[in-house]
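Throughout, residue positions are numbered sequentially from 1 according to the sequence presented.
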Amino acid sequence: MAQADVQRDRPVLLVVEDDFLVRLTLADGLTEAGFTVLEAGDAQAALALLVTRRDILAMLTDINLPGEADGYALARAARVLRPDLPVVYASGRHGAMAAARAVPGARFLAKPFTAALAARVLRETLGRHSGGGPPGTPGAPGAAGTPPP
């Protein structure tokens with residue numbers, strides 16, 4: 001099976017979450033949903049993976065991360081490295097994404113959420129990113145409780 005086929009069958013995701021149990025649970029659920037999941041506990045580790053792993057197709061990041069960079073700063077830095085990287089923000093402290101701080105086209109998941117919902121939003125985001133549907137279809141801004149950018 002060719003590398004492109006493996007990527008299409010099991011998209012590679014980067015999950016950035018500082019709470020180990022939340023990260024583990026989410027990574028397990030996304031793996032069961034058919035993704036290959038790479039994990040990072042902070043922005044520095046996430047950026048290191050983005051530099052070395054060109055196969056990462058999307059990033060799900062908590063907004064509240066330890067250290068100097070939060071999820072918004074991480075996403076902006078990631079977009080410098082990978083301008084088209086789809087981003088999904090998650091937070092249990094923020095009821096919505098701060099559109100002025102978010103990267104264009106990002107989605108938001110309010111915690112707690114299920115791995116099944118995360119998988120659905122990530123698949124929609126990847127489909128939209130690859131031209132998977134016109135505006136107003138599932139995956140467009142506003143779906144799954146995501147405010148428009």
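When all heavy atoms are compared, the tightest approach of Phe35 to Arg10 is O-NH2, 2.8 Å. Leu74 and Ala43 make their closest contact through CD1-O, 3.8 Å (heavy atoms, listed as atom of the first residue, atom of the second, distance). Nearest heavy atoms, Arg123 versus Gly34: NH2-CA, 3.9 Å. Taking every heavy atom of both residues into account, Tyr89 and Ala106 meet most closely at CE1-CB, 3.4 Å. Phe108 and Ala90 get closest at one heavy-atom pair: CE1-C, 4.4 Å. Here the closest non-hydrogen pair linking Ala40 and Ala46 is CB-N, 3.6 Å.
We find that Arg79 and Asp84 are not joined by a salt bridge, their nearest charged nitrogen and carboxylate oxygen being 4.0 Å or further apart.
Judged by distance alone, the side chain of Arg76 and the main-chain N or O of Arg101 form a donor-acceptor pair under 3.5 Å. With hydrogens and angles ignored, the 3.5 Å screen pairs no side-chain donor or acceptor of Tyr72 with any backbone N or O of Val103. Judged by distance alone, the side chain of Arg53 and the main-chain N or O of Val12 form no donor-acceptor pair under 3.5 Å. Not a single donor-acceptor pair under 3.5 Å links the side chain of Asp62 to the backbone N or O of Leu65.
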Identify each donor-acceptor pair in which a side-chain atom of residues 23-33 lies under 3.5 Å from a protein atom, sequence neighbours left out, and give them as a table.
from	atom 1	to	atom 2	distance (Å)
Arg23	NE	Glu39	OE1	3.2
Arg23	NH1	Glu17	O	2.6
Thr25	OG1	Leu21	O	2.8
Thr31	OG1	Ala27	O	2.8

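In this structure, the separation between CE on Met59 and CG on Leu13 is 11.5 Å, given to the nearest 0.5 Å. Distance CG/Leu81 to CG/Leu50: 6.5 Å, rounded to 0.5 Å.
Contact annotation: the side chain of Val16 never approaches that of Asp42 to less than 4.5 Å [non-hydrogen atoms, C-beta and beyond]. Side-chain contact between Leu60 and Arg107 is absent, with no heavy atoms from C-beta onward closer than 4.5 Å. Between Val88 and Leu122, the closest side-chain pair of non-hydrogen atoms falls below 4.5 Å. Between Pro86 and Leu126, the closest side-chain pair of non-hydrogen atoms falls below 4.5 Å. The shortest side-chain heavy-atom distance between Leu57 and Leu85 does not fall under the 4.5 Å cut-off. You'll find the side chain of Lys111 stays beyond 4.5 Å of the side chain of Arg93, heavy atoms only.
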Yes or no on salt bridge (charged side-chain N to carboxylate O under 4.0 Å, His left out) for Arg128 and Glu124, after CA distance, side-chain angles and deciding distance?
CA-CA 6 Å; Arg128 185 178 73 203; Glu124 291 170 355; over 6 Å; no
